[in-house]
Enquirer: 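Can you read through this structure? Questions will come right after.
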Amino acid sequence: MIWLKKMITYWQQENGLFVKKDRNEFNLNERVWVDARNVTSKEISILEKTYNLDHDHVVDSLDPDELPRIEQGEGYVLTIMRLPVYLPNSEVRYHTAPMGAIIFQNTIITLCWTDCEVLKDLSANRIKDLNIADFPAFITRILSRADTMFLRYLKEINRSTNSIQQELQESIENNELIQLFNLEKSLMYFTSSLKSNQLLLEKIRKTKIIKFDEEDQDWLDDVEIDNRQAMEMANTYSQTITGTMDAFASVISNNMNAAMKQLTVFSIALMMISFITSFWGMNIRLPWSKSDSWTGFIVISIGCFVIATSSFVLINFMTKIKKKIRHWKNK
């Protein structure tokens with residue numbers, strides 16, 4: 001047998017806990033979990049040759065856009081599900097990724113193009129009562145853990161949304177709006193993946209490619225309930241963000257209208273000055289034109305300033321009166 005290194009790890013259970021095994025310690029008589037994350041093309045080729053895997057099944061499991069499904073292979077069962085992924089250095093921090101679970105008689109292989117919290121929890125023994133001897137239960141526990149992480153990330157998204165809303169109430173900035181947009185994209189990814197996982201659960205139950213006992217069936221029922229709950233939360237939070245963005249878009253529009261009104265008032269005030277200068281700019285004899293003193297300039301300047309100021313004050317006064325009238329009508 002060819003032994004795999006680097007991003008492919010072998011796990012076996014001892015006293016109910018996963019223990020990493022290397023070539024010298026590997027027990028071929030015990031069931032094994034082959035954990036393949038961030039694999040290279042060379043490691044993929046070794047996997048295919050070692051376990052006689054269909055190349056399309058391996059490629060599909062590593063395709064970031066692959067949808068969940070279950071199907072029969074030559075001597076194994078392929079199950080593809082979508083898991084939540086947190087990418088702290090990405091603009092869209094909350095994403096999803098497919099994970100392929102290939103089930104043989106004594107071996108289960110998980111394939112994922114990236115690392116995620118669900119697989120970390122499995123290898124770190126954070127999931128209680130997990131028994132690799134029961135592969136159907138193992139798959140169900142992975143789906144259950146995925147739903148738990150979906151719910152946890154949804155709560156984090158909701159807290160982030162509330163924090164951004166408070167910042168936007170103080171000052172509307174492009175950065176906060178972009179953050180809201182990225183959170184909305186994350187919710188769209190979550191909603192789509194949860195719906196696909198729900199269809200997978202229904203196919204698992206109907207096709208019976210994987211045989212479940214009564215206890216596993218109960219677990220499967222619980223997973224479906226958690227998955228529906230996560231779907232409802234994702235839909236609710238998505239609608240909340242959409243409503244928030246629409247509300248702030250209206251606020252921005254109202255602020256722009258108010259600014260345009262102020263500019264209009266200012267331009268009307270300047271029109272009076274423009275009218276006077278335009279009138280005296282024609283071929284009309286100007287007062288004090290033969291005088292060498294600054295009297296005419298000073299008088300005309302003061303007159304223009306008084307007219308402009310009076311116009312500005314009058315228009316502002318009329319605007320405030322209209323606002324008060326509207327306020328009284330609303331009462």
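Atoms considered below: every heavy atom in the structure, side chains included; atoms not considered: hydrogens, waters and symmetry mates.
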Enquirer: Tell me, do W11 and K20 make a side-chain contact under 4.5 Å, heavy atoms counted?
Expert: yes
Enquirer: Do L154 and L187 pass the side-chain contact (heavy atoms from CB on, under 4.5 Å) test, and can you show the C-alpha distance, the side-chain angles, and the key distance before you say yes or no?
Expert: CA-CA 8 Å; L154 284 169; L187 289 172; 3.5 Å; yes
Enquirer: Kindly say whether K203 contributes a backbone atom to a donor-acceptor pair with the side chain of T207 at under 3.5 angstrom?
Expert: yes
Enquirer: Considering non-hydrogen atoms only, spot the tightest contact between F212 and T140 and give its length.
Expert: CE2-OG1, 3.3 Å
Enquirer: Under the 3.5 angstrom rule, does the side chain of R31 hit a backbone N or O of N131 as a donor-acceptor pair?
Expert: no
Enquirer: If you group Ile, Leu, Val, Met, Phe, Trp and Tyr whenever their side-chain heavy atoms sit less than 4.5 Å apart, what else falls in with W219?
Expert: none
Enquirer: For the pair T40 (side chain) and E43 (backbone), establish whether a donor and an acceptor sit closer than 3.5 Å, ignoring hydrogens and angles.
Expert: yes
Enquirer: Quick check for you: to the nearest 0.5 Å, what is the distance between T79 atom OG1 and I210 atom CD1?
Expert: 3.5 Å
Enquirer: Which atom names give the shortest non-hydrogen contact between D115 and L119, and what distance separates them?
Expert: OD1-CB, 4.5 Å
Enquirer: Just by distance, do the side chain of D63 and the backbone of V59 share a donor-acceptor pair under 3.5 Å?
Expert: no
Enquirer: Hey, is CD on E202 packed in by over 12 heavy atoms from elsewhere, all under 6.0 Å?
Expert: yes
Enquirer: How long is the straight-line distance from CG of N197 back to CG of L83, given to the nearest 0.5 Å?
Expert: 7.5 Å
Enquirer: Would you say L111 and H57 make side-chain contact, with heavy atoms under 4.5 Å?
Expert: no
Enquirer: Decide whether T242 and E184 meet the rule of one side-chain donor and one side-chain acceptor closer than 3.5 Å.
Expert: yes
Enquirer: Can a donor-acceptor pair be found, under 3.5 Å and without considering hydrogens, that links the side chain of S238 to the backbone of A234?
Expert: no
Enquirer: Just jot down the side-chain hydrogen bond (donor to acceptor under 3.5 Å, both in side chains) partners of R69, sequence neighbours excluded, or say none.
Expert: D60, E66, E71
Enquirer: Got a salt bridge between E14 and K21, using NZ or NE/NH1/NH2 to carboxylate O under 4.0 Å?
Expert: yes
Enquirer: Please report the shortest heavy-atom distance between T114 and R37, naming the atom on each side.
Expert: O-CB, 4.2 Å
Enquirer: Going through the distances and angles, do D35 and I8 end up as a side-chain contact (heavy atoms from CB on, under 4.5 Å)?
Expert: CA-CA 6 Å; D35 182 14; I8 301 179; over 6 Å; no
Enquirer: Would you give the length of the straight line joining atom CG of N158 to atom OG1 of T236, rounded to the nearest 0.5 angstrom?
Expert: 9.5 Å
Enquirer: Apply ring-ring contact (aromatic ring centres under 6.0 Å, His included) to Y10 and W33, showing your working.
Expert: CA-CA 6 Å; Y10 289 97; W33 168 31; over 10 Å; no
Enquirer: Is the number of heavy atoms from other residues, nucleotides or ligands within 6.0 Å of CD (Q72) greater than 12?
Expert: yes
Enquirer: Mind checking whether L200 and I70 have side chains closer than 4.5 Å, heavy atoms only?
Expert: yes
Enquirer: Do D121 side-chain atoms and R126 backbone N/O form a donor-acceptor pair below 3.5 Å?
Expert: no
Enquirer: For the pair T107 (side chain) and F104 (backbone), establish whether a donor and an acceptor sit closer than 3.5 Å, ignoring hydrogens and angles.
Expert: no
Enquirer: Dump the intermediate steps for side-chain hydrogen bond (donor to acceptor under 3.5 Å, both in side chains) on R82 and T96, then the final yes or no.
Expert: CA-CA 6 Å; R82 294 198 72 89; T96 62; 3.2 Å; yes
Enquirer: Is it the case that the side chains of N227 and Q198 hold a donor-acceptor pair, with the cut-off being a distance below 3.5 Å and no angle test?
Expert: yes
Enquirer: Quick one: does any side-chain atom of T148 pair with a main-chain N or O of S144 as donor and acceptor, under 3.5 Å?
Expert: yes
Enquirer: Under 6.0 Å between ring centres, would you say that holds for Y94 and Y189?
Expert: no
Enquirer: Taking C-beta and beyond as the side chain, do T161 and Y237 meet within less than 4.5 Å on heavy atoms?
Expert: no
Enquirer: Only counting residues at least two apart or in another chain, list the ones meeting side-chain hydrogen bond (donor to acceptor under 3.5 Å, both in side chains) with E48.
Expert: H55
Enquirer: Quick check: closest heavy atoms across C112 and L62, and the distance to 0.1 Å?
Expert: C-CD2, 3.8 Å
Enquirer: Under a 4.0 Å N-O cut-off, is there an ion pair linking D226 with R228?
Expert: no
Enquirer: Is Q165 reaching over with its side chain to a backbone N or O of I241, donor-acceptor style, under 3.5 angstrom?
Expert: no
Enquirer: Flag the pair E224 and R205 as a salt bridge only when some basic side-chain nitrogen lies within less than 4.0 angstrom of an acidic carboxylate oxygen.
Expert: yes
Enquirer: Applying side-chain contact (heavy atoms from CB on, under 4.5 Å) to S163 and E167, what does each step give before you reach the verdict?
Expert: CA-CA 6 Å; S163 177; E167 294 178 4; 4.0 Å; yes
Enquirer: Taking all non-hydrogen atoms of both residues into account, name the closest pair between F150 and S193 and its distance.
Expert: CZ-CB, 4.2 Å
Enquirer: Go through H95 and Y86 one step at a time and tell me if the ring-ring contact (aromatic ring centres under 6.0 Å, His included) criterion holds.
Expert: CA-CA 6 Å; H95 219 290; Y86 178 70; over 10 Å; no
Enquirer: Any donor-acceptor pair under 3.5 Å linking the side chain of T244 with the backbone of T240?
Expert: yes
Enquirer: Could you walk me through whether Q13 and V19 satisfy the side-chain contact (heavy atoms from CB on, under 4.5 Å) test, starting with their C-alpha distance in whole Å, then the side-chain angles of each, then the deciding distance to 0.1 Å, before giving a yes or no?
Expert: CA-CA 6 Å; Q13 279 190 320; V19 178; over 6 Å; no
Enquirer: V77 versus I102: any side-chain heavy-atom pair under 4.5 Å?
Expert: no
Enquirer: So which heavy atom on V32 is nearest to which on F135, and how close?
Expert: O-CZ, 4.5 Å
Enquirer: Any side-chain heavy atom of P84 within less than 4.5 Å of one from Y153?
Expert: yes
Enquirer: Quick one, L53 and L78 - any side-chain contact, counting heavy atoms below 4.5 Å?
Expert: no
Enquirer: Can you confirm whether I164 sits close enough to L183 that some side-chain heavy atom of one is under 4.5 Å from a side-chain heavy atom of the other?
Expert: yes
